[in-house]
Asks: 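I am attaching a structure below and will ask some questions about it afterwards.
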Amino acid sequence: MSLLATLPAVVGADLTVPVGDGVLPYANLDYAASAPCLAAVQEAVTRALPTYSSVHRGAGYASQVTTRAYEEARGTVREFLGGPQAVVFVRNTTDAFNLLARAVPNGTGVVVFDSEHHATQLPWRHAVRLTPPATPAAAVAAAREALEACPVGPRLLVVTAASNVTGELWPVRELADLAHACGARIAVDAAQYVAHRPLDATGLDYVAFSGHKLYAPFGTGVLAGRADWLRAAAPYLRGGGATRSVALDGRVEWTADAEQRHEAGTPNVLGAVALAAACRELSADWDAVVAAETRLLERLRSGLAQVPGLRELSLWGPDHPRLGILAFTVEGHSARDVAQHLADRHGIGVRDGKFCAHPLLAHLLGGSGGCDEDGTAVRASLGLGTVDEHVDRLVAGLRELVG
Ligand code: PMP
C-alpha cells in the first residue's frame with residue numbers, strides 16, 4: 001500500500017537506475033543525507049524565476065517582487081517555527097552553528113554531547129563535552145551538572161532534536177526547561193527533525209536546520225532564535241547589506257537588525273523561496289506525514305529483525321521513539337559492501353560510513369573513532385517518496401546478501 005496520494009509529491013519519484021543489464025525504479029532510502037525536491041518547491045522556484053532579481057534597494061519592478069518574496073519567505077519560516085524573533089538565512093546547519101558560535105558572548109560556557117553531528121560539535125572554540133548518555137534522564141542529569149559547573153556568565157546547551165544516526169528523539173523540552181532553570185540558553189540542531197515532525201520552537205532559544213534535508217535543495221538553511229546576541233555580535237559576513245554606513249575614513253556602522261547584520265552579500269533568494277514553499281507544504285498536513293512514516297518505519301524494523309546478523313544501532317534501546325532513520329551493521333560484511341550490494345544489485349540508495357558523527361559511532365560500535373578504524377555502519381532513512389516496495393526490497397536485498 002502507498003499513502004503517496006495523500007502526501008506531498010517529490011520530484012524524481014519515478015527515477016530509474018541502471019542495475020546489471022537492466023534498470024530498476026530507484027529506491028531512495030537516503031533522505032537523512034538530502035531529501036529530494038518537493039513538487040511544490042519546484043513550482044515555487046519556477047514561479048519566482050521570471051521576476052528573479054537582486055533584492056533590497058532596487059526600484060525596478062522585478063527587484064521589488066523578489067525583495068517581497070525573500071522577506072515573505074522569512075515570514076513563512078518564522079511562522080513554521082512558532083514565531084522566533086530572528087530568522088537568519090544561512091547556507092545550511094553547519095553554517096548556522098558556525099554563525100552562532102561566533103555570536104555567543106565572549107566567555108560563554110558551551111555544553112555539548114559527544115553524540116552530536118560534527119556540525120553541532122565542532123564550531124565552538126571551547127566546549128564542555130559530555131559522553132553519550134545511557135538514558136534520556138541521564139542526558140538531562142549530565143547537562144544539569146555541566147551547566148551548574150560552568151563559571152558564572154552566559155551558558156549555552158547545544159543538542160540535537162533527533163539523531164542523524166539512530167533517528168532517536170532527544171528530550172529537547174526537558175533539556176530546554178533545565179537550561180532555563182540554570183540560567184542558560186539552548187540551541188537545537190533540528191536538521192533531521194524538521195522534515196519529519198512539526199517543530200514549535202517556542203521556548204527554544206536557537207534552532208538550526210538545512211533546506212536540503214527539508215525537500216528544498218537550493219542551498220539555504222536557517223538559524224532562528226533570540227535577537228539579542230545576534231544584534232550584539234560582530235557580523236558573520238562583513239560586506240554590503242550588513243552596513244548602515246561606511247565613512248570615507250573607513251569607519252563602519254553595522255546594522256543592528258539581527259537578520260541583515262549576518263546576511264551580507266546578495267542572498268540566495270531562490271533558496272529562501274524554496275525553503276518557505278517546503279515549510280508551507282509540510283505544514284498543510286503533518287498528521288499524514290507522521291502517520292505514513294510511522295507505518296513504514298514499523299514495516300522496516302520488523303523486516304530488518306528477520307535478517308540474520310543485522311544489529312540495529314541505538315543509544316536508548318529499541319523502544320525509544322525515533323524518526324524514520326535507522327543505522328545498522330551486518331555481521332561479516334563491511335558497511336561499504338552492504339551499501340554497494342544494495343546499490344549495484346537492487347537499485348537502492350542507502351548511506352554507509354560514520355555519518356559525520358565519529359564519536360557517536362565509536363560509542364555505539366565500541367571503538368575510539370580514530371582514523372585507522374573501520375567502525376562504520378549502514379543507514380536507511382525514509383521520506384515522502386518512500387513506499388512499501390522500497391522497504392521490502394531493502395529487506396530482501398539484505399537477506400540475499402547474508403544468505
Ligand atoms: N546536524 C544533523 C543532525 C545532520 O544530520 C546534519 C547533516 N547530515 C547536519 C547537522 C549538517 O547539515 P548540513 O550538512 O546541511 O550543514
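Throughout, residue positions are numbered sequentially from 1 according to the sequence presented. Both counts, for ligands and for their atoms, begin at 1 and track the order of listing.
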Asks: When you measure from the heavy atoms of Lys213 to every atom of ligand 1, does any distance fall below 4.0 Å?
Replies: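 The answer is yes, since Lys213 has a heavy atom less than 4.0 Å from ligand 1.
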
Asks: Which of the atoms of ligand 1 are close to Ala119, meaning less than 4.0 Å from one of its heavy atoms?
Replies: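 Answer, ordered by atom number: 10 (C), 11 (C).
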
Asks: What are the atoms of ligand 1, with element, lying closer than 4.0 Å to any heavy atom of Thr93?
Replies: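 So the answer, numbered in order with elements, is 10 (C), 11 (C), 12 (O), 15 (O), 16 (O).
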
Asks: Tell me which one of Thr160, Ile325, Asn92, Asp189 gets a heavy atom nearest to atom 10 (C) of ligand 1.
Replies: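 Closest candidate by heavy-atom distance is Asp189.
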
Asks: Closest non-hydrogen protein atom to atom 4 (C) of ligand 1, residue and atom name please, with distance?
Replies: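 Among all protein heavy atoms, the one nearest atom 4 (C) of ligand 1 is His117 CD2, 3.3 Å.
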
Asks: At less than 4.0 angstrom from any non-hydrogen atom of Thr94, what atoms of ligand 1 do you find?
Replies: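 Heavy-atom distances to Thr94 below 4.0 Å select 11 (C), 13 (P), 14 (O), 16 (O).
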
Asks: Before accepting this row, confirm whether a basic side-chain N of the pair Arg74/Glu263 lies closer than 4.0 Å to the acidic partner's carboxylate O.
Replies: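 Salt bridge: yes.
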
Asks: Determine, step by step, whether Arg295 and Glu298 satisfy the salt bridge (charged side-chain N to carboxylate O under 4.0 Å, His left out) criterion, reporting the C-alpha distance in whole Å, the side-chain angles of both residues, the deciding distance to 0.1 Å, and the verdict.
Replies: CA-CA 5 Å; Arg295 199 186 57 75; Glu298 273 165 23; over 6 Å; no

Asks: Number the atoms of ligand 1 from 1 as they appear, then name those within less than 4.0 Å of a heavy atom of Gln192, with their elements.
Replies: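 Those qualifying, in numeric order: 3 (C), 4 (C), 5 (O).
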
Asks: What class does the angle between the rings of Trp316 and Trp170 fall in, given that below 30° is parallel, 30 to 60° is tilted and above 60° is perpendicular?
Replies: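 Tilted, since the angle between the ring planes falls between 30° and 60°.
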
Asks: Need the ligand 1 atom indices (1-based, order shown) with element for anything under 4.0 Å from a heavy-atom of Asn164.
Replies: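 The list of qualifying atoms is 3 (C), 5 (O).
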
Asks: Walk me through it: do Val402 and Val330 pass the test side-chain contact (heavy atoms from CB on, under 4.5 Å)?
Replies: CA-CA 8 Å; Val402 299; Val330 183; 3.4 Å; yes

Asks: What class does the angle between the rings of Tyr206 and Trp229 fall in, given that below 30° is parallel, 30 to 60° is tilted and above 60° is perpendicular?
Replies: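 The arrangement is parallel - the two ring planes meet at less than 30°.
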
Asks: Taking 4.0 angstrom as the limit, do Arg144 and Glu174 come out as a salt bridge?
Replies: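 A salt bridge is absent here (no side-chain N lies under 4.0 Å from a carboxylate O).
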
Asks: If we set the cut-off at 4.0 Å for heavy atoms, which region of His212 has an atom near ligand 1: side chain, backbone, both, or neither?
Replies: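 For His212, only side-chain atoms sit under 4.0 Å from ligand 1.
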
Asks: Are Asp388 and Arg299 within salt-bridge range, i.e. N to O under 4.0 Å?
Replies: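 Yes, charged N to carboxylate O under 4.0 Å.
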
